[in-house]
Amino acid sequence: MKKIILAGILAGLSFSGIALAQTATVTVPGEVRTYVLKQKSPSVKFKGDVVVGTRVPDSVQILTIPDQPDYGYVVLNDQRVVINTKTHEVVEIVQ
């Protein structure tokens, strides 16, 4: 009986580890934030909430950041956001 309970606990811990790995946060380099804050870019109207994890439609032009191929930015509803260039998802809202 103890072996069954122990096996269940271990299985639960391993599955929770998988779930935690999928929700890992992205640490955006400071120079990316600094660059985005300095840019003067027009705001794009976006329907819906602008939150981390939101996927930006392909129709929205993502602006490049020099020497940062993994990150781009756009101003959505007057909020500056850093975008993952591969997934088009918001990774940080810059304030």
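Residues passing the salt bridge (Lys or Arg N to Asp or Glu O under 4.0 Å) test with Arg80, sequence neighbours excluded: none. In terms of the side-chain hydrogen bond (donor to acceptor under 3.5 Å, both in side chains) criterion, Thr54 has no residue partners (sequence neighbours excluded).
A 4.5 Å side-chain heavy-atom check between Val75 and Val81 finds every atom pair outside the cut-off. Annotation: side chain of Ile83 is in contact with side chain of Val90 (closest heavy-atom distance under 4.5 Å).
Cluster annotation: Val82 and Leu63 are assigned to the same hydrophobic cluster (Ile/Leu/Val/Met/Phe/Trp/Tyr, side-chain heavy-atom contacts under 4.5 Å, transitive). Val74 and Val50 fall within a single hydrophobic cluster, where Ile, Leu, Val, Met, Phe, Trp and Tyr side chains are chained together by heavy-atom contacts under 4.5 Å.
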Distance-only criterion, 3.5 Å: show the donor-acceptor pairs between side-chain atoms of residues 28-37 and protein atoms not counting sequence neighbours.
unit_1, atom_1, unit_2, atom_2, d
Arg33, NE, Glu92, OE1, 3.4
Arg33, NE, Glu92, OE2, 2.5
Arg33, NH2, Val28, O, 2.8
Thr34, OG1, Gly30, O, 3.1

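Of all the heavy atoms in Leu76 and Ser43, the pair that sits closest is C-OG, 3.9 Å.
Rounding to the nearest 0.5 Å gives a distance of 7.5 Å between OG1 of Thr64 and OH of Tyr73.
With hydrogens and angles disregarded, a donor-acceptor distance shorter than 3.5 Å links the side chain of Asn77 to the backbone of Phe46.
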